[in-house]
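By convention in this document, chain letters (A, B, ...) are assigned in the order of the sequence lines, proteins followed by strands, and residues within each chain are numbered from 1. Side-chain atoms are counted along with the backbone in the values below, which use heavy atoms only and exclude waters and symmetry mates.
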Amino acid sequence: MQAVKDVSFTLPKGAVLTILGPSGCGKTTLLRMIAGFDAPTSGEIFIQGQAVSSVPPHRRSIGMVFQKLALFPHMTAAENIAYPLKMRRFDPASIPDLVDRYLNIVQLAGMGDRRIHELSGGQQQRVAIARALSFSPDLLLLDEPLSALDKKLREEMQLEFRRIQQELAVTTINVTHDQREALVMSDEIIVMSDGVIQQADDPVRLYRQPSNRFVASFIGLTSLLRGTLVRIQGPDVTVRVGAGELHGRTAADGLSAGRPVESAIRAEQVRILGPDDPTGHFDNALQAVVVQQIFEGDRMVYQVRCPELGDALIFAFDHDPADRKRYRKNDTIQIGWNSRDLLVYEDSESRHL
Amino acid sequence: MSSDKPAFKYPLSWRILDHAENVAALWPRRWSPLTGYLLLLPALLLVFVLVIGLVYIFDYSLHELDLATYRLKDAFSLVNYHVALKSATYRTVVLRSLGASFIVTAITTVLAFPYAYVMVRARSSGTRKFLLISLFLPFFIGQVVRAYGWLIILGKEGLLNTLLASLGLPPIKLIYNYPAVVLGLVQYMLPFAVLLIAPAITAIGEEIELASESLGANWVKTFRHVVIPLAKPGLVGSAVVVFTLTLTDFAMPEILGGGTTDFIANSIYDGFFQLSNPGLGSALSMILVTLGSVFVTVLFSLAGTGTLVSRENVR
């Protein structure tokens with residue numbers, strides 16, 4: 001069984017790279033190989049230009065924050081932070097100052113004497129980050145340490161981590177299945193699936209220009225429409241979905257008329273309009289029936305059915321729903337979007353037939 | 001769909017439990033706060049019976065044997081303790097038992113810890129199963145039979161000496177001495193120690209060891225600073241069990257010592273059944289109980305009372 005194959009990337013100094021993917025995509029295996037806990041069967045890992053495959057974990061200059069934090073419960077917070085300094089034979093006289101400095105950086109000043117079980121979940125995260133950074137490693141690895149926190153604390157810690165990372169300018173590789181965390185914390189994101197890199201890009205480009213159907217559907221709330229290519233002219237394409245024709249754009253090479261394609265549209269690009277509202281500048285406008293409405297506080301998510309598109313289901317956001325008309329189940333409405341927001345990909349499943 | 005055979009079958013264990021609950025429902029509801037104590041009662045009774053026995057033994061120990069009648073005198077006296085503590089023989093026996101307890105505890109812990117560690121951490125389930133079965137096998141054999149097994153191997157005409165003879169070498173006396181008893185005891189105690197240490201190692205997350213490595217510790221330092229301190233509850237528990245079982249052991253010194261290496265329990269046996277002096281046997285018993293209690297108390301006060309039941313959430 002191959003957990004990871006054909007993965008190659010370079011990380012500039014001081015940057016944060018996030019490896020994003022569903023569970024079982026090989027991202028943790030990759031991280032364990034970088035840390036030295038597992039050995040790659042082929043290939044090489046370089047840190048600051050040095051090949052490290054034959055270097056045992058304790059000789060690599062890598063700080064790691066583990067999924068379950070793996071703090072030492074029989075030591076205090078300060079002792080946890082001092083541990084790598086002692087093991088790496090730092091000058092004992094310098095250790096107390098370093099411990100204080102890193103307690104300050106993670107905003108735990110004065111809490112050094114606390115035992116691990118006397119700290120809250122967020123404070124334990126901070127100790128784990130300080131422990132992984134106190135010996136100034138060349139590289140910091142994060143193995144989904146935030147995944148166990150509740151949403152509010154997790155989002156707070158994402159920003160907090162970004163602040164610490166920028167303050168220390170430490171090169172970081174983060175692994176997560178949380179797309180928000182990836183977008184918020186990274187300079188560069190690698191999306192992985194089945195042990196293969198699907199796309200490597202900066203967060204904005206990754207979100208706006210997903211290079212394939214997997215990335216488009218993995219990030220954001222995306223509706224996929226299966227159809228046939230009708231016309232193609234440069235990046236502009238027309239596809240037939242059910243009985244309707246839609247305008248979109250594509251970055252894929254080798255598409256030609258008649259080929260099966262999948263079109264992806266993000267929920268926030270779909271505009272909801274009343275049955276009689278003018279469709280204005282949208283070059284794709286359709287009649288639809290509300291299937292369900294999901295209230296998320298800051299927005300209303302509608303799932304609608306388009307009879308014209310062979311009853312295809314499409315998600316649409318309505319932000320700040322307090323200002324707008326609410327539509328109920330089975331209401332007939334109109335939806336519209338711009339052709340540049342409909343991304344057309346080769347149908348990945350029919351390709352193998 | 002056919003209605004004659006429903007797809008879902010109510011499991012037998014659920015039906016049995018339903019009946020059990022119906023029976024349990026006969027117990028008046030307002031007595032339910034007492035239920036827990038009621039279930040505790042049988043075990044408490046068993047311990048209490050032991051205490052009664054101990055009180056009687058303590059009473060015996062305070063009465064001197066009347067050599068004219070071979071019955072204990074009515075008058076209270078400390079003669080038995082005087083005899084037990086003054087006699088060079090008994091002092092040797094006590095020191096020998098204590099010494100063996102320390103030696104056996106030390107050797108067993110050193111041998112059991114790596115065994116338990118590998119048994120818990122081995123990647124291959126085959127290795128884990130092999131180690132576990134090897135551990136349980138001796139339990140099915142029992143102490144006496146195992147001691148005789150050693151006799152067969154180490155005895156005057158045992159396997160080892162036969163081998164030596166076939167090589168033209170003179171026989172060696174390998175049994176009826178102190179090392180033979182210690183060897184037999186270590187072999188006997190090893191499974192207990194491993195079984196007590198293993199859960200403590202299981203409780204240490206593997207991530208904690210990886211963390212220690214990534215922070216710059218090699219495996220020796222990881223063991224010293226992380227694994228052994230975190231396994232302390234298991235190590236203390238194992239030490240208490242091995243020490244007290246050795247201190248009170250009867251069969252190994254009896255069989256492998258052959259009368260040359262008596263422990264306290266052998267002397268107690270002799271006191272009761274050879275000398276027919278229950279007073280002296282009881283006094284020796286009280287000394288044994290005291291020694292064991294002192295050791296356990298000292299160990300727990302050194303290692304902390306929290307070691308038996310760890311309340312800290314080990315992550």
Is a side-chain donor-acceptor pair under 3.5 Å present for S134(A) with Y83(A)? no

Please check if any side-chain donor atom of R162(A) sits under 3.5 Å from a side-chain acceptor atom of Q165(A), or the reverse. yes

Report, in residue-number order, which members of residues 52-66 of chain A are under 4.5 Å from chain B by heavy-atom distance. P57(A), H58(A), I62(A), M64(A), F66(A)

Residues D143(A), K68(A): salt bridge by 4.0 Å N-O rule: no

Quick one: do K151(A) and E155(A) make a salt bridge, cutoff under 4.0 Å? yes

Check V181(B), L98(B), T248(B) against F263(B) for a side-chain contact (heavy atoms from CB on, under 4.5 Å) and give me the one that passes. V181(B)

Q158(A) and R180(A) side chains, donor-acceptor separation under 3.5 Å: yes

